[in-house]
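We name chains A, B, ... by the order of the sequence lines, and we start the count at 1 in each one.
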Amino acid sequence: MGNNFLTTKLAEVVNWGRKNSLWPMPFATACCGIEFMGAVSSRFDISRFGAELVRFSPRQADLLLVMGTISYKEAPILKRIYEQMPSPKWVISMGACACSGGFYNNYSTLQGIDEIIPVDVYIPGCPPRPEQILQSIVKLQEKIVKENKL
Amino acid sequence: METIFADRKEILEKALFLRDKEKFDFMMDLCGVDYLGCARERFEVVYHLFSSANNKRLRIKVKVPENNPEVQSVSSVWKAANWFERECFDLFGIKFSGHPDLKRILLFEEFVGHPLRKDYPIDKRQSIPTPVDLRKNNREGFWINFGPSHPATHGTFRLMLKLDGEKIEDAIPEIGYLHRCFEKEAEDHNYAQVIPYTDRLNYCSSLMNNVGYSMAVEKLMGIKIPERAKYIRVLISELSRIIDHLIAIGTNVVDMGGLTNYWYTFNVRELIYDWIEKICGARLTTNYTRIGGVMRDIPAETFKYIPWVLKKLDRAISDVTGLLVKNRIFLDRTRFIGAISAEDAASFGYTGPCLRAAGVAYDVRKAFPYYHYDEFDWDVPIGENGDTYDRIMVRFEEMRQSARIINQVLEKMPGGPIMTGDYRAALPPKASVYSTIEGLMNHFKLIMHGMTPPAGEVYSFTEGANGELGFYIVSDGGPKPYRIKVRPPCFAIYQAYPELIKGHMIADAVAVMGSLNVIAGELDR
């Protein structure tokens, strides 16, 4: 058979596939969503990292991108969306508001989405630049490669 | 502005008289103010009216006692009053008798208390609510839930639609998913600290919100800003109008299935963002103006770079219109869809491109010129039918007009300072801080206490990307605003949305929403 095969672990092949074909579900509520539009459009072009196929149905996505302020009224919706996504799934929290409530410390805003759902990567900034979104995708890919379960 | 007082039991009669006899066809804004401990009657409801026939403004004030906070509703006089009254009820607990559906609008039903009352602490949190069924008892027929998590509703608008096949028979909207308490936060910060919060109202054109707010505070304090600062403010306003329209059109057409246009519009937008980054360091949330001027001067290359960008813009507009105006699918999906008549548009308090699409040539820049807008040569484009098609085409033409204004601004740009020399608002030069006691004191006072406008009130309005962006500020002479009410153009525009989509297909609901360009940050504040 010569050089026509290679040996590896099954988990590594699966992880390699997963990291290069992330299907994001953009949950964009506020300003950060506009910068995400910048990240998917022609100049920054998120498709270079295999994550351009945005899905607006959580059932077809494996990456939840939470962009913008989450109010108490919005919180149950976000949780429901997260629960509807099939495993394995990852969450990127984009911007100061999603990470910590940002400079909205008041009766209506959730102080970080990690109060209701788990988060894999946090992006600081108000709003973060499109390059930071791309970097967060790369960081998430690094994390996926290290995962052990199938 | 002329102010009259009215009795809370006679306001309906007065409103009818003002609308029919005095021709006040627009109710621009309605808000509550809580004078806890400062006045005999605790609350005040403030109405801002506009007569397009006489080009006149009027403010009405109605005093409301604490023990029985009830006012006659004027929702039968101006359709716009419906949601504004609901908001006032939600945030202040003032009841409006005769209102057809008085319930909470920005917050949720489980919420206890009224957050904009002075005795409600800003950080008093309550439990997370459960989403409600908007239909209530009207469950006949086939209903679907639309949003808030839907690509066309951007995570923040929710509708329940009653369908007959694909035709919409009834629609009930719900907003408030992005309520981040701009007004309560503003009461908790000093005047300069409010500017970053204004960035996040209409985040597609932050610069214009900065300008609108700074102008309002300057009016309150009676500060004159230098000529160069005025021209810079016109320049940034018109550039952000262009960005806003580019996003609105780009995403609107994506929602209808035309992705290509999005790349064309976003390419130009990125070029303008490059320049915005040079003036303030940020792309989206600019925080660029200061009370009394602007943060820093524009770079020297502006005079070459911006005309080059405008050429690119012109190219992009002709590329996109080339793809659209003879496109059968686009025409079928936009012409005579979601139309609003000029009378209805006025009654709903429409302003901006959506009003002009209905054929009313009202533009704040022409009717109440500020910052030399009357000296530039430009036109106000209007539509005929007030439908989705007209709204998109008016935006295209407005971008061309903005480009005309920008070219004239760059030609006429005067030299000189960019900040006022008035030390009530501007920091003194460093040399004077280090060498004179007056300079040191001015610096110290401004840093430690912030600026303190005299007690009073002001309603200042500018032409935002979506229409009249007004700021009603009440000052008690302290370092923090006593009350700030934003008059968001989207709030009035979105209120008519159910009326616009009834009788059309469900897919049209998406196209109509995009053409209204409702921005949640401004709608829910």
- Please tell me if the side chains of F266(B) and R43(A) come closer than 4.5 Å, counting only heavy atoms from C-beta onward. no
- Message: Could you check whether atom NZ of K103(B) has more than 12 heavy atoms from other residues, nucleotides or ligands sitting under 6.0 Å from it?
- Response: yes
- Task: Please answer whether the main-chain N or O of H179(B) pairs with a side-chain N or O of S108(A) as donor and acceptor at a distance below 3.5 Å.
- Result: yes
- Toward chain B, the part of V40(A) with a non-hydrogen atom under 4.5 Å: both
- Task: Please check if atom CH2 in W16(A) has more than 12 non-hydrogen atoms from other residues, nucleotides or ligands closer than 6.0 Å.
- Result: no
- Query: Are any non-hydrogen side-chain atoms of I77(A) and P131(B) less than 4.5 angstrom apart?
  - Reply: yes
- Message: Would K73(A) and Y177(B) count as a cation-pi pair here, with the cationic atom under 6.0 angstrom from the ring centre and within 45° of the axis?
- Response: yes
- Without swapping roles, check the side chain of Y197(B) against the backbone of F103(A) for a donor-acceptor pair under 3.5 Å. yes
- Task: Heavy atoms only, distances under 4.5 angstrom: which of S127(B), A520(B), G176(B) has the most pairs with chain A? Name it, please.
- Result: G176(B)
- Near K312(B) NZ, under 6.0 Å, is it more than 12 heavy atoms from other residues, nucleotides or ligands? no
- Distance (rounded to the nearest 0.5 Å) between Q126(B) CD and Y72(A) OH: 10.0 Å
- Kindly compute the distance separating CG (D199(B)) from SG (C31(A)), expressed to the nearest 0.5 Å. 8.5 Å
- To the nearest 0.5 Å, tell me how far S57(A) OG sits from H150(B) NE2. 10.5 Å
- Query: Can I34(A) and R269(B) be said to form a side chain to side chain contact (heavy atoms under 4.5 Å, CB included), step by step?
  - Reply: CA-CA 12 Å; I34(A) 307 288; R269(B) 175 182 170 265; 3.2 Å; yes
- Query: Taking side chain as C-beta onward, heavy atoms only, is Y107(A) less than 4.5 Å from C181(B)?
  - Reply: yes
- Query: So, do S149(B) and R80(A) sit near enough that their side-chain heavy atoms are less than 4.5 Å apart?
  - Reply: no
- Query: Should the heavy atoms of other residues, nucleotides or ligands under 6.0 Å from OH of Y264(B) be counted, would the total exceed 12?
  - Reply: no
- Item | Side chain proximity check, S42(A) to E270(B), heavy atoms < 4.5 angstrom | no
- Contacting moiety of L201(B), where chain A heavy atoms sit under 4.5 Å: neither
- Apply side chain to side chain contact (heavy atoms under 4.5 Å, CB included) to K184(B) and N106(A), showing your working. CA-CA 8 Å; K184(B) 192 78 175 174; N106(A) 54 41; 5.8 Å; no
- Item | Heavy-atom contact with chain B under 4.5 Å, split by part of Q111(A) | side chain
- Task: Take L178(B) and E74(A) through the side chain to side chain contact (heavy atoms under 4.5 Å, CB included) test and state the conclusion after the steps.
- Result: CA-CA 8 Å; L178(B) 191 59; E74(A) 186 83 60; 5.9 Å; no
- Task: With a 4.5 angstrom heavy-atom cut-off, could you sort out which part of Q193(B) is near chain A: side chain, backbone, both or neither?
- Result: neither
- Message: Which one wins on heavy-atom pair count under 4.5 Å against chain B: G101(A), P58(A), C126(A), G125(A)?
- Response: C126(A)
- So, the part of L107(B) with a heavy atom under 4.5 Å from chain A: the answer is both
- Query: Does T251(B) reach the side chain of M37(A), with side-chain heavy atoms less than 4.5 Å apart?
  - Reply: yes
- Does the side chain of I128(B) come within less than 4.5 Å of P76(A)'s, by heavy atoms? yes
- Without hydrogens or angle criteria, can the side chains of T69(A) and R180(B) be said to hold a donor-acceptor pair below 3.5 Å? yes
- Query: Rounded to the nearest 0.5 Å, how far apart are OG of S71(A) and CZ of F108(B)?
  - Reply: 8.0 Å
- Item | chain A-proximal positions within residues 115-125 of chain B [heavy-atom distance under 4.5 Å] | P115(B), Y120(B), I122(B), D123(B), K124(B), R125(B)
- Query: What option among P26(A), A75(A), A30(A) has the most heavy-atom pairs under 4.5 Å with chain B?
  - Reply: A30(A)
- Item | N-O pairing of R129(A) and E277(B) below 4.0 Å | yes
